[in-house]
Amino acid sequence: MTTNFDYLKEEPKFKRFADVAISAERIILMDPEASIINCRRAMEFALKWMYSVDKELEMPYQDNLQSLMNAEEYRQIIGPDLWKRMDFIRRCGNNVAHSGKKLGRDEAMLCLENLFIYLDYIAYCYILLFRFICRAHL
């Protein structure tokens with residue numbers, strides 16, 4: 001079964017978060033709550049990856065999801081709309097994992113949509129950046 005995230009596997013640098021995103025999409029109908037948790041995991045992996053490759057980002061003292069998302073330089077890079085989408089994924093994932101609150105397919109679908117928009121942003125920005133850097137060094 002192909003997914004909306006398969007294109008991320010074409011870039012080896014994205015493998016870690018691509019696999020989790022693909023898993024989130026594949027299980028959404030069988031287990032929406034597991035899908036939500038995988039959306040949150042994929043987002044966190046991608047966020048930490050951004051910090052590892054982007055020289056504009058300095059790792060905050062705490063490297064938990066909340067601290068990484070709320071660093072001022074990170075928020076400036078991604079903007080308010082994308083940050084709100086990420087926060088929705090974070091809150092849903094936390095609700096499922098920690099509060100016992102039941103979330104269903106609608107929330108899982110919205111998490112998956114928001115994750116797609118976030119990962120597509122990363123793919124677009126960083127693939128272009130890598131290509132530019134590689135050409136500049138030729």
Side-chain angles (χ1 to χ4, degrees):
M1 169 177 131
T2 59
T3 74
N4 292 297
F5 299 101
D6 287 342
Y7 76 98
L8 293 170
K9 291 188 87 159
E10 294 172 14
E11 177 55 54
K13 294 171 180 64
F14 299 157
K15 180 169 180 21
R16 180 145 187 219
F17 56 86
D19 289 341
V20 181
I22 289 167
S23 173
E25 185 172 345
R26 286 188 173 152
I27 64 173
I28 194 165
L29 298 177
M30 295 176 291
D31 192 346
E33 289 183 329
S35 177
I36 290 169
I37 289 171
N38 276 347
C39 285
R40 187 189 183 285
R41 286 180 61 228
M43 181 181 75
E44 187 168 0
F45 290 157
L47 178 58
K48 287 182 177 180
W49 177 85
M50 278 182 69
Y51 272 89
S52 75
V53 299
D54 194 321
K55 303 284 189 243
E56 299 295 316
L57 295 171
E58 186 174 322
M59 187 67 78
Y61 176 69
Q62 293 182 315
D63 70 347
N64 61 47
L65 183 58
Q66 181 76 16
S67 297
L68 295 170
M69 283 178 60
N70 284 305
E72 186 59 36
E73 64 271 7
Y74 183 76
R75 289 183 74 148
Q76 288 177 1
I77 288 172
I78 63 163
D81 179 63
L82 199 51
W83 188 89
K84 287 176 189 172
R85 292 175 184 278
M86 293 176 67
D87 194 50
F88 180 81
I89 296 168
R90 182 193 62 78
R91 285 184 290 111
C92 286
N94 286 352
N95 283 336
V96 169
H98 304 299
S99 75
K101 185 177 181 182
K102 290 288 183 192
L103 298 179
R105 191 175 294 163
D106 290 342
E107 291 89 357
M109 291 294 283
L110 189 51
C111 281
L112 203 59
E113 177 183 337
N114 288 337
L115 179 65
F116 179 81
I117 292 167
Y118 176 60
L119 295 183
D120 198 49
Y121 168 85
I122 289 175
Y124 178 78
C125 292
Y126 288 92
I127 289 296
L128 289 177
L129 178 68
F130 291 141
R131 288 182 183 154
F132 176 76
I133 290 170
C134 289
R135 286 188 184 132
H137 288 12
L138 292 179

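Reckoned from all heavy atoms, side chains included, excluding hydrogens, waters and symmetry mates. What you see is a predicted model, and the numbers here were worked out from it, not measured in a lab.
Under the 4.5 Å side-chain heavy-atom criterion for Ile, Leu, Val, Met, Phe, Trp and Tyr, Ile37 and Ile22 are members of distinct hydrophobic clusters. Grouping the Ile, Leu, Val, Met, Phe, Trp and Tyr side chains by contacts below 4.5 angstrom, directly or via other members, places Ile89 apart from Leu103. There is no path of hydrophobic side-chain contacts, each under 4.5 Å, that joins Ile27 to Val96. Clustering ILVMFWY residues whenever any of their side-chain heavy atoms sit less than 4.5 angstrom apart, transitively, puts Ile122 in the very cluster that holds Ile77.
Put simply, NZ on Lys48 and CZ on Arg16 are 8.0 Å apart, with the number rounded to the nearest 0.5 Å. The distance from the CD atom of Glu58 to the CD atom of Glu72 is 14.0 Å, given to the nearest 0.5 Å. Considering CZ of Arg105 and SG of Cys111, their distance stands at 14.5 Å, rounded to 0.5 Å. Going from atom CD1 of Ile36 over to atom CZ of Arg90 covers 14.0 Å, rounded to the nearest 0.5 Å. Rounded to the nearest 0.5 Å, atoms CZ (Phe88) and CG (Leu110) are 4.0 Å apart. Cys39 contributes atom SG, which lies 5.0 Å from atom CG of Leu115 (distance to the nearest 0.5 angstrom).
Residues passing the salt bridge (charged side-chain N to carboxylate O under 4.0 Å, His left out) test with Arg85, sequence neighbours excluded: Asp81.
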Could you go through the salt bridge (Lys or Arg N to Asp or Glu O under 4.0 Å) check for Lys9 and Asp6 one step at a time? CA-CA 6 Å; Lys9 291 188 87 159; Asp6 287 342; over 6 Å; no
Does Asn38 form a side-chain hydrogen bond (donor to acceptor under 3.5 Å, both in side chains) with Ser35? I'd like the steps, not just the answer. CA-CA 5 Å; Asn38 276 347; Ser35 177; over 6 Å; no
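Taking 4.5 Å as the limit, every side-chain heavy atom of Asn94 sits out of range of all side-chain heavy atoms of Leu65. Side-chain contact between Lys15 and Leu8 is absent, with no heavy atoms from C-beta onward closer than 4.5 Å. For the pair Leu112 and Phe5, the minimum side-chain heavy-atom distance is below 4.5 Å. Contact annotation: the side chain of Leu68 approaches that of Pro60 to within less than 4.5 Å [non-hydrogen atoms, C-beta and beyond]. Taking the side chain as every heavy atom from C-beta outward, Met50 and Tyr126 approach each other to under 4.5 Å. Side-chain contact between Thr3 and Arg26 is present, with heavy atoms from C-beta onward closer than 4.5 Å. Phe17 has its side chain out of reach of Leu47: every pair of non-hydrogen atoms, C-beta onward, lies at least 4.5 Å apart.
Closest approach of Glu107 and Gly104 over heavy atoms only: OE1-N, 2.8 Å. Of all the heavy atoms in Met43 and Met69, the pair that sits closest is CE-SD, 4.2 Å. Closest approach of Ala46 to Tyr118, counting heavy atoms only: CB-CE2, 3.9 Å.
A ring pair (Phe, Tyr, Trp, His ring centres under 6.0 Å) check over residues 64-83, counting only residues at least two apart or in different chains, returns the pairs Tyr51-Tyr74.
Using modelled atom types, one finds a donor on one side chain and an acceptor on the other under 3.5 Å when comparing Ser67 with Asn64.
A donor-acceptor pair is defined here as one N or O able to donate and one able to accept, closer than 3.5 Å; such a pair exists between the side chain of Glu25 and the backbone of Asn4. Between the Asn70 side chain and the Gln66 main chain, a donor and an acceptor come within less than 3.5 Å of each other.
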